[in-house]
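For ligands, and for the atoms within them, numbers begin at 1 and follow the listed sequence.
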Amino acid sequence: MQRLRTFLDSHCDNTAVVEIIDGLMVACKDIAHRLQLGSLAGVLGSAEQENVQGECQKKLDVIANDLIKDCLAGIPSVKGLASEEEELPVACNAKGEYLVLFDPLDGSSNIDVNVTVGTIFSILSADANADAASDAAYLQAGNQQVAAGYVLYGPSTLLVLTTGDGVFSFTLDARIGEFMLERQNIRISETTQEFAINMSNQRFWLPEMQQYVGDLLLGEEGPLGKRYNMRWIASMVAEIHRILTRGGIFMYPYDSREPSKPGKLRLMYEGNPMSMLVEQAGGGASTAFENIMNIKPDGIHQRVSVVMGSAQEVETAISYHVKN
Ligand code: FDP
């Protein structure tokens, strides 16, 4: 079994990126430890404040954000960072060559019920003259990402990672404090009979999405000709991890609850890094109208509609939108 650092040193020739991933994992191990202690660590419940998106922050959202920020700021190659929990980007080291964007604790509405949550991250190159304290430095399309990954805090703590050359997963061995290589070159099955979507939003979706999901529900009696099972954890990291493990399609599509916003999930630290992982594993990642990683962002907290997973099923979902 190979340790994460040994794997990175042999697999990735960019030493700065290796150091960033290695450094990030220091914070993630700390987050995993606090999550495991739960109420004993006093980390459950609300922080009695809202983040920039107007969402109620959990105590652990704030703690995880601070832990990752402190870790990244100490890594010389990190020029700046942007987080779901920070309104503005934060400049770190003037000579740094990389920008790190992250959602410190995705699925945090699940923390208090002891359900899987995760940290998602995306690494971008920084322009030498870029101002890392301004949004503009970070507004690069997802296809510019140098690396992306997530840490899943579940029954075991896992790191799933790509540096642009396949997807690899590592399990944290808490006895020795090391992430150990678990799966190499993960591939997502092309077809699936499993979908994940928050059905309670059905009436707010576009007619095209209503029709597609309606046909999924018709099973073998409908035009898709097969019976589908549904899974909904309400934690994107857990959902994407299931898809990387046994295939499936995950959707958080546009809906009319907040018509001016293109979706619920965030492009820069949810949509893009998950799209890179899914595409590197042979899956598809779209808004249902365009490839997520081709979107030229206009804000670090920009939202996006998400349809990702098994390639053929994603194509089927897209076809409902194209034909109308
Ligand atoms: P959360 O708000 O709990 O952080 O990105 C946000 C996210 O979780 C995803 O992980 C999850 O898929 C989705 O929102 C669930 O939201 P709803 O329960 O509002 O549908």
State, yes or no, whether a side-chain contact exists between [X] and [Y] at a heavy-atom distance under 4.5 Å.
{"X": "Leu216", "Y": "Leu224", "result": "yes"}
{"X": "Phe179", "Y": "Lys29", "result": "yes"}
{"X": "Thr192", "Y": "Arg246", "result": "no"}

Donor-acceptor contact below 3.5 Å, side chain Glu194 vs main chain Ile249: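 Here the side-chain-to-backbone pair does not exist.
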
Side-chain (Gln145) to main-chain (Asn272) donor-acceptor, under 3.5 angstrom: yes

Purely on distance, is any nitrogen or oxygen of [X] under 3.5 Å from one on ligand 1?
{"X": "Asp106", "result": "yes"}
{"X": "Met236", "result": "yes"}
{"X": "Asn201", "result": "no"}
{"X": "Leu265", "result": "no"}

Please identify which atoms of ligand 1 are closer than 4.0 Å to at least one heavy atom of [X].
{"X": "Asn198", "result": "17 (P), 18 (O), 20 (O)"}
{"X": "Glu270", "result": "5 (O), 6 (C)"}
{"X": "Ser109", "result": "3 (O)"}
{"X": "Arg266", "result": "5 (O), 6 (C)"}

Short side-chain donor-acceptor distance under 3.5 Å, Tyr98 and Asn93: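 Distance-only check fails for Asn93 and Tyr98.
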
Within reach of ligand 1, part of Ser235 (heavy-atom separation under 4.0 Å):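 Within the 4.0 Å criterion, Ser235 contacts ligand 1 through backbone atoms alone.
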
Structural part of Asp103 in contact with ligand 1, heavy atom criterion under 4.0 angstrom: neither

Euclidean distance, Leu24 CG relative to Leu72 CG, rounded to 0.5 Å: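 So the gap between those two atoms works out to 4.5 Å.
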
